[in-house]
Enquirer: 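I am attaching a structure below and will ask some questions about it afterwards.
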Amino acid sequence: MDKRASPGSDDIAEGGKAADATGAADMPGQPGRPDHVVVFVHGMGRALKGGTLQEWAQPLMLSLHDLSLDLVPQTTHPHLVITKANAVGDAPEVLVKVLRGVADNEPDYLTVLMTEASWGRDFEPASAASTYSWALRTALRVYMRSVQLIKWNLHPGRRRASPAWLGAWLRQLVLTSLAAFAGFFILLAVLVVLLLIIVLAWIPGPGRWVGKLVSLFADFLGDPQVWKRKPLQAAAMRQRVVDTLQRWDQGSGTEVTVVAHSQGAAIAGQVLFQNQARVTNFVSVGSGLDLLGYAQWGGGTGEDPVTDWLANPQRPRWINVWGKFDFVPAGPISTHANGPLPVFGKIYARDTEGDGGPGPEEHPVYNRSALIYDHIVYSRNRVEVLDPLARLVLDPPPADPAGLAFRMLDGDRRLRPHRVMVKSLGVTRLLAVITSALSAPAALAWLGSLDGTRNLVQCGPPGAGRDPWWSAWLCSGPTYHWAHWQDLGVLAVTTAVFAGVLVGLLNGPVWGVLHDRLQRMRKPSFRQSSDPTRNLPASPWWYVAWYLLIVTAVAVAVPFMLAWPDLPWVAVVVLVVALWALCFTRTSITGLPARTGSVPVAGAVPAQAPGAAAPPAEPRRAAPQPPPAVVRGGRQHAQPTGSASLPANTVTGAEDQRSRSGS
């Protein structure tokens, strides 16, 4: 890492293939070997060749550039230079030089190669019926994990005799119960609709049109089913990752960071933990490792990823990043014996006993406050994902850090505004539904009174009873009430339409534009990705204020103007203030350092009756030894292990110790 890269290393051979062929062990900074390699592994679904690289590399380069400006603020040397790019070839990759220092007017560049390991084309997708069978057997487990995730996100903290704690506990109870109730029926409805679509696809007539929907369903959810039930195809997925990583021998001094998403984290995790390849850092984002587990016949006999990681003498530094509402990882990962509950407790209540038990470095992040959307936007979270990843590459921590290795930027003023703005997404959804429901009766009555609207839907004269069947819902009566059962259907549809329009507008382009500006570290430049004069953008709190103001005007004021004077304004104002106050609470959560202490032995020996023969002693596994040192920049450093050894938490909260296959 301390070895300087030559500024003239633009002619680096693609992927170091030439150096590998001759067996040369080139040192970092010399032609043939970059200083750091970042490998991106995509999740489930058919990924386009080069798509994963472009999704992650472009924003990561922006973060590297801005971080370089912080490290070397006053210089005439360029802070980031793209020396080679092959975004859509057989081996998509981009090679960049990032300035990390200047001594005697000589620039010190870190050469970073970014590439991808794409397994999306290495297997035939599963059939729709097989995919549905797997999804049906996994649905209940996913549902329970999601409810648990929501419950912990609303955790009131350690029990205290105070009104504040009681209010937080009641909020957790009510909101978790509502989410569990609504989620169960939504999940049931989705499974029923999918089954009907699959059945319709077998009928010759409608099957011709429904078949496309079935293909989309199988393509999207067929990958996990293949991973668990098709060992040959699963081996092909792993082999793609192995081939990519084995190009970079860690012993040569090149550091390797794997960033794996969703099912890609399950594939890469099995490769790394069972010692089929070696890397420096393993960053799992939205990991499917805990949900999917290992594929069959993949080598080794273990089924517990954390235990395998700890037992591997050449284990990488493992950083587990998960969205606070991402249902795929559903929170932190632990050994099967401990379960995630102790880790949840340590993250959300720091003053609890123990350390959470053995496990990787855990980082809950604020993505989009949505169970599904949280899973697909990690590459757009610059504040909590991309900037710490850039710092891990350009400004790595010590080989054996006592704290967090995945570090935020020091004094980052964007962190809390970003989290407040993400939490406001959920509040906006709730406000949109409430205000749409309250204003739907008045809105329908108002629409039914307009001549233009009545002519458009061909209403008959008022009270004549000659309205067409398709518009009778709007023409038949002057008033609508939630208390009238005959109006419930049209009011529910109207509420859903109004709420959908409001959420689509406010949480789509309005939030996206303002949040993109909030995430900037510097103003944009016409010459470079960021202004090299280090001019800072406006305070990020301005963008939060603008968003809250726009939401209040569009989602609250406008609907209430339609319903005035039927709505109690005092109650509405109190409700809005209370909901917005939720955006500013509990936004200071931090990550949990890795725990690499001894793993508790699974299963204690039962007590023997007097005079009974003692059972034969089973051989005990030796404690994991410190990994061998690796050469970085000409100096030896200990292999990363996450943190100092900590006592294992013996509290158990696991469902069981079966394979976490979901089947």
Side-chain angles (χ1 to χ4, degrees), residues 55 58-59 62 153 323-326 365-387 412-440 443 494-524 529-530 536-564 567 572-573 575-587:
E55 175 188 351
Q58 181 62 42
L62 178 62
N153 274 290
K324 282 167 58 65
F325 289 95
D326 186 351
V365 298
Y366 289 70
N367 276 345
R368 291 297 188 272
S369 294
L371 282 173
I372 296 178
Y373 204 32
D374 252 31
H375 185 62
I376 59 177
V377 292
Y378 288 95
S379 60
R380 305 181 203 174
N381 188 341
R382 183 174 178 187
V383 177
E384 296 189 82
V385 179
L386 292 169
D387 286 347
D412 193 346
R413 63 175 188 165
R414 304 167 301 162
L415 180 58
R416 189 157 188 265
H418 155 75
R419 291 178 169 181
V420 169
M421 202 162 178
V422 170
K423 291 191 71 173
S424 69
L425 289 170
V427 173
T428 298
R429 298 184 192 107
L430 187 57
L431 274 178
V433 172
I434 293 175
T435 57
S436 297
L438 292 176
S439 58
T494 303
T495 299
V497 171
F498 283 4
V501 171
L502 290 175
V503 172
L505 173 65
L506 297 173
N507 286 2
V510 174
W511 190 91
V513 170
L514 294 174
H515 187 257
D516 285 346
R517 292 180 176 271
L518 180 150
Q519 292 194 106
R520 289 178 182 168
M521 293 178 63
R522 290 166 182 82
K523 292 181 179 179
S529 55
S530 297
L536 298 178
S539 170
W541 286 110
W542 279 109
Y543 305 115
V544 177
W546 273 112
Y547 179 72
L548 298 183
L549 180 63
I550 294 173
V551 170
T552 303
V554 176
V556 179
V558 172
F560 288 167
M561 288 177 62
L562 294 175
W564 177 261
L567 293 178
V572 169
V573 171
L575 175 64
V576 171
V577 172
L579 288 176
W580 283 132
L582 293 177
C583 301
F584 295 87
T585 59
R586 301 178 61 84
T587 58

Enquirer: Between the main-chain N or O of Val433 and the side-chain N or O of Ser436, is there a donor-acceptor pair closer than 3.5 Å?
Expert: no
Enquirer: Can you tell me how far CG of Leu430 sits from OG1 of Thr435, rounded to the nearest 0.5 angstrom?
Expert: 9.5 Å
Enquirer: Locate the shortest heavy-atom distance separating Val427 from Cys583; write the atom from each residue and the value.
Expert: CG2-SG, 3.5 Å
Enquirer: Looking at every non-hydrogen atom in both residues, tell me the closest pair between Leu536 and Met521 and how far apart they are.
Expert: CD2-O, 3.3 Å
Enquirer: Are more than 12 heavy atoms, taken from residues, nucleotides or ligands other than Ile372, located less than 6.0 Å from that residue's CD1 atom?
Expert: no
Enquirer: Taking the side chain as every heavy atom from C-beta outward, state whether Leu62 and Gln58 have any pair of such atoms under 4.5 Å apart.
Expert: no
Enquirer: Tell me the closest heavy-atom pair linking Val551 and Leu431, and the distance in Å.
Expert: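 In terms of heavy atoms, the two residues are closest at CG1-CD1, 4.5 Å.
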Enquirer: So, does Thr494 use its side chain to make a donor-acceptor pair with the main chain of Ala440 at under 3.5 Å?
Expert: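 Flag not set: sc Thr494 to bb Ala440 has no pair under 3.5 Å.
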Enquirer: Just to verify, what does Asp374 make a side chain to side chain donor-acceptor pair (under 3.5 Å) with, not counting sequence neighbours?
Expert: none
Enquirer: Which heavy-atom pair separates Ala499 from Ala432 by the least distance, and what is that distance?
Expert: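 Where Ala499 meets Ala432 most closely, the heavy atoms are CB-O, 3.9 Å.
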Enquirer: Less than 4.5 Å apart, side chain to side chain, heavy atoms only: is that true for Asp387 and Gln519?
Expert: no
Enquirer: Just by distance, do the side chain of Arg419 and the backbone of Thr587 share a donor-acceptor pair under 3.5 Å?
Expert: yes
Enquirer: Keeping the roles fixed (side chain from Lys423, backbone from Phe584), state whether a donor-acceptor pair exists under 3.5 Å.
Expert: no
Enquirer: With heavy-atom distances below 4.5 Å as the criterion, would you say the side chains of Ser369 and Arg429 are in contact?
Expert: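 Contact flag for Ser369/Arg429 side chains = yes.
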Enquirer: Is there side-chain contact between Ile550 and Trp511, with at least one heavy-atom pair below 4.5 Å?
Expert: no
Enquirer: Could you tell me if the side chain of Tyr547 sits less than 4.5 Å from the side chain of Thr428, heavy atoms only?
Expert: yes
Enquirer: Taking Tyr378 for the side chain and Gly323 for the main chain, is one N or O donor matched with an acceptor at less than 3.5 Å?
Expert: yes
Enquirer: I'd like to know if the side chain of Trp580 pairs up with that of Thr552 as donor and acceptor (distance under 3.5 Å, no hydrogens or angles considered).
Expert: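 Looking only at side-chain atoms, Thr552 and Trp580 do form a donor-acceptor pair, the distance falling under 3.5 Å.
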Enquirer: What I'd like to find out is whether the side chain of Asn367 reaches to under 4.5 Å of the side chain of Phe325, using heavy atoms alone.
Expert: no
Enquirer: Return the CZ to CH2 distance between Arg517 and Trp546, rounded to the nearest 0.5 Å.
Expert: 12.0 Å
Enquirer: Can you confirm whether Arg380 sits close enough to Arg368 that some side-chain heavy atom of one is under 4.5 Å from a side-chain heavy atom of the other?
Expert: yes
Enquirer: Go through the structure and list residues passing salt bridge (charged side-chain N to carboxylate O under 4.0 Å, His left out) with Asp412, not counting sequence neighbours.
Expert: Arg414
Enquirer: So, do His418 and Arg382 sit near enough that their side-chain heavy atoms are less than 4.5 Å apart?
Expert: no
